[in-house]
Amino acid sequence: MRIDQLLVQRGLASTRSQAQRLIADGVEWQQGESWRRVAKNGDEVPLEAPLRLLNDAEARYVSRGGLKLEAALKKVGLSVQGLACMDVGQSTGGFTDCLLQHGARSVVGVDVGSAQLHPALRSDPRVLCVEKVNARALTAEDITDAYAHSMGEDGPFEADEENTEEYGEEYDDEAPDADAAPRGAAGAVSESEAEFVPEFDLIVADLSFISQTLVLPAVVPLLKKGGTLLTLVKPQFELQPGQVGKGGIVRDPAMYAVVEARLREACAALGLTVRDWFDSPIEGGDGNREFFICAGK
């Protein structure tokens, strides 16, 4: 079997793209008494061959976004233990996975698409999916409606010690059920549904094809006073078409300062104080530089 497919089948990678990044970092398979290094994604490896990863960082989360957020949390010195969080642009769930593994109490994930969240996260009672909602038009009612639906399907959300354990390494790579109901609850979870309030200690975001300046006015009102906004900034989506080079790559370094100024102004207009702006510690995969902005309310 192809080694990239075998890694997914064994649960060592969540997707084939993740498997291919693991291969680039180093994967070996055992033949007799010796270990052989995998040379390329299409290498054929016996189904029962023992495998070992020389660097398993890529497998830590369901997508590489988790590594980016983990590094950013370390950079700003932010602990998410016990926090109610919102993940805007949830997609596969790399940010959500990172938050849960670091002790977040709950995560509301918002995405304009559907059926993208990894099954291991979709079935986690700490996660509430708000799908087919453009974050630019997000309202508290969208979240309370999703929460009410989850209460009807699964009963009240209850965080317990078992649910706050870190994930293991194995994930099911089957596509999630597009019709699956949202689960769990987040925000200010209380003893009764009537008291549920969609307010968050931390809002994170990883957005594409839309400027954060258009999304922040909708999400910042859901951030608690004293809360933190920590978002991944992709300059190619913050600039005008004429400011972005061929292939969607920002080639003029002067444009990065333009993006930073726009994001700082947007935060100030919404009553946020920018605490930090820095290069993403983990590089993006398309050749563009990425940044994080951290702001407090």
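The figures that follow rest on heavy atoms only: side chains count, while hydrogens, waters and symmetry mates do not.
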pair Met1-Gln9: side-chain heavy atoms closer than 4.5 Å = yes

Student check: side-chain heavy atoms of Asp97 and Leu99 closer than 4.5 Å | no

Quick one: pull up CG in Leu121 and CG in Leu100 and give me the separation to the nearest 0.5 Å.
-> 6.5 Å

Quick one: CD on Gln90 to CG on Asp111, what's the gap to the nearest 0.5 Å?
-> 7.0 Å

Distance-only, no hydrogens or angles: does the Asp43 side chain make a donor-acceptor pair with backbone N or O of Ala39 under 3.5 Å?
-> yes

Within 6.0 Å of CD in Glu44, more than 12 heavy atoms from elsewhere = yes

Taking C-beta and beyond as the side chain, do Lys297 and Leu229 meet within less than 4.5 Å on heavy atoms?
-> no

Steps toward side chain to side chain donor-acceptor pair (under 3.5 Å) verdict (Gln116, Thr92) = CA-CA 5 Å; Gln116 298 183 64; Thr92 307; 5.6 Å; no

Indicate yes or no for a side-chain donor-acceptor contact from Gln101 to the backbone of Arg60 under 3.5 Å, with no hydrogens or angles considered.
-> yes

With the 4.5 Å side-chain cut-off for hydrophobic clustering, are Val27 and Leu54 part of the same group?
-> no

Kindly say whether the aromatic ring centers of Phe292 and Trp277 come within a distance under 6.0 Å.
-> no

Do Leu230 and Leu69 come within less than 4.5 Å of each other through their side chains, counting heavy atoms only?
-> yes

Any donor and acceptor pair, going by atom type alone, linking the side chain of Gln243 with main-chain N or O of Gln240 inside 3.5 Å?
-> yes

Considering non-hydrogen atoms only, spot the tightest contact between Arg264 and Val274 and give its length.
-> NH1-CG1, 3.4 Å

Can we say Glu48 and Arg10 salt-bridge, meaning some charged N sits less than 4.0 Å from an Asp/Glu carboxylate O?
-> no

Hey, does the side chain of Lys68 reach the backbone of Ile282 with a donor-acceptor pair shorter than 3.5 angstrom?
-> no

Can Glu28 and Arg52 be said to form a salt bridge (Lys or Arg N to Asp or Glu O under 4.0 Å), step by step?
-> CA-CA 5 Å; Glu28 294 181 336; Arg52 67 183 181 188; 2.6 Å; yes

Partner of Asp4 under side-chain contact (heavy atoms from CB on, under 4.5 Å), chosen from Asn41, Val45, Val38 | Asn41

Using a strict 4.0 Å threshold on nitrogen-to-oxygen distance, state whether Lys224 and Glu199 make a salt bridge.
-> no

Verdict with reasoning, Lys74 to Glu70, per side-chain contact (heavy atoms from CB on, under 4.5 Å) = CA-CA 6 Å; Lys74 290 180 180 178; Glu70 178 187 69; 4.1 Å; yes

Check ring pair (Phe, Tyr, Trp, His ring centres under 6.0 Å) between Trp35 and all other residues, then give those that pass, not counting sequence neighbours.
-> none

Would a line drawn from the ring center of Phe291 to the ring center of Tyr256 be shorter than 6.0 Å?
-> yes

Any donor and acceptor pair, going by atom type alone, linking the side chain of Asp201 with main-chain N or O of Thr228 inside 3.5 Å?
-> no

Calculate, to the nearest 0.5 Å, the distance between atoms CD and CG belonging to Glu290 and Leu232 respectively.
-> 4.5 Å

Do the side chains of Leu222 and Val112 join up, straight or via other hydrophobic residues, at under 4.5 Å, putting them in one cluster?
-> no

Would you name the heavy atoms of Arg262 and Leu239 that are closest together and state the gap between them?
-> NH1-CA, 3.7 Å

In a table with atom names and distances, give each donor-acceptor pair under 3.5 Å that connects a side chain of residues 214-221 to protein atoms at least two apart or in another chain.
none

Can you check whether Thr213's main-chain N or O pairs, donor with acceptor, with Ser211's side chain at less than 3.5 Å?
-> yes

Atom pair CG/CE of Leu138 and Met86 - distance to nearest 0.5 Å = 5.5 Å

With a 4.5 Å limit on heavy-atom distance, are the side chains of Ile210 and Phe237 in contact?
-> no

Kindly indicate, with the supporting measurements, whether the criterion side-chain contact (heavy atoms from CB on, under 4.5 Å) is fulfilled by Val259 and Val233.
-> CA-CA 9 Å; Val259 172; Val233 180; 3.7 Å; yes

Indicate if Phe95 and Phe278 have the same hydrophobic cluster label, given that clusters are the connected sets of ILVMFWY residues with side-chain heavy-atom separations under 4.5 angstrom.
-> yes

Before giving the answer on side-chain contact (heavy atoms from CB on, under 4.5 Å), spell out for Leu78 and Leu202 the whole-Å C-alpha distance, their side-chain angles and the decisive distance to 0.1 Å.
-> CA-CA 10 Å; Leu78 178 63; Leu202 171 65; 3.9 Å; yes

Polar side-chain atom of Asn288 near backbone of Val250 as donor-acceptor pair, under 3.5 Å | yes

CG (Leu207) and NZ (Lys234) are apart, to the nearest 0.5 Å, by 8.0 Å

Identify the heavy atoms of Ala140 and Pro198 that sit nearest to each other, and give their distance.
-> CB-CG, 3.7 Å

Closest approach of Tyr61 and Leu67, non-hydrogen atoms and distance?
-> CD1-N, 3.5 Å

Verify, without hydrogens or angle tests, whether Glu238 (side chain) and Gln212 (backbone) share a donor-acceptor contact under 3.5 angstrom.
-> yes

Atom CZ of Arg275 with >12 non-hydrogen neighbours under 6.0 angstrom | yes

OG1 of Thr231 to CG of Leu263, rounded to nearest 0.5 Å, is 6.0 Å

Using the side-chain contact (heavy atoms from CB on, under 4.5 Å) rule, take Cys267 and Ile293 through it: C-alpha gap first, then chi angles, then the decisive distance, then the call.
-> CA-CA 10 Å; Cys267 286; Ile293 188 168; 4.0 Å; yes

Closest non-hydrogen atom pair, Ala71 against Pro281 | CB-CB, 3.4 Å

For Val130 and Asp142 the tightest heavy-atom approach is CG1-O, 4.2 Å

Any donor-acceptor N/O pair, His149 side chain to Asp145 backbone, under 3.5 Å | no

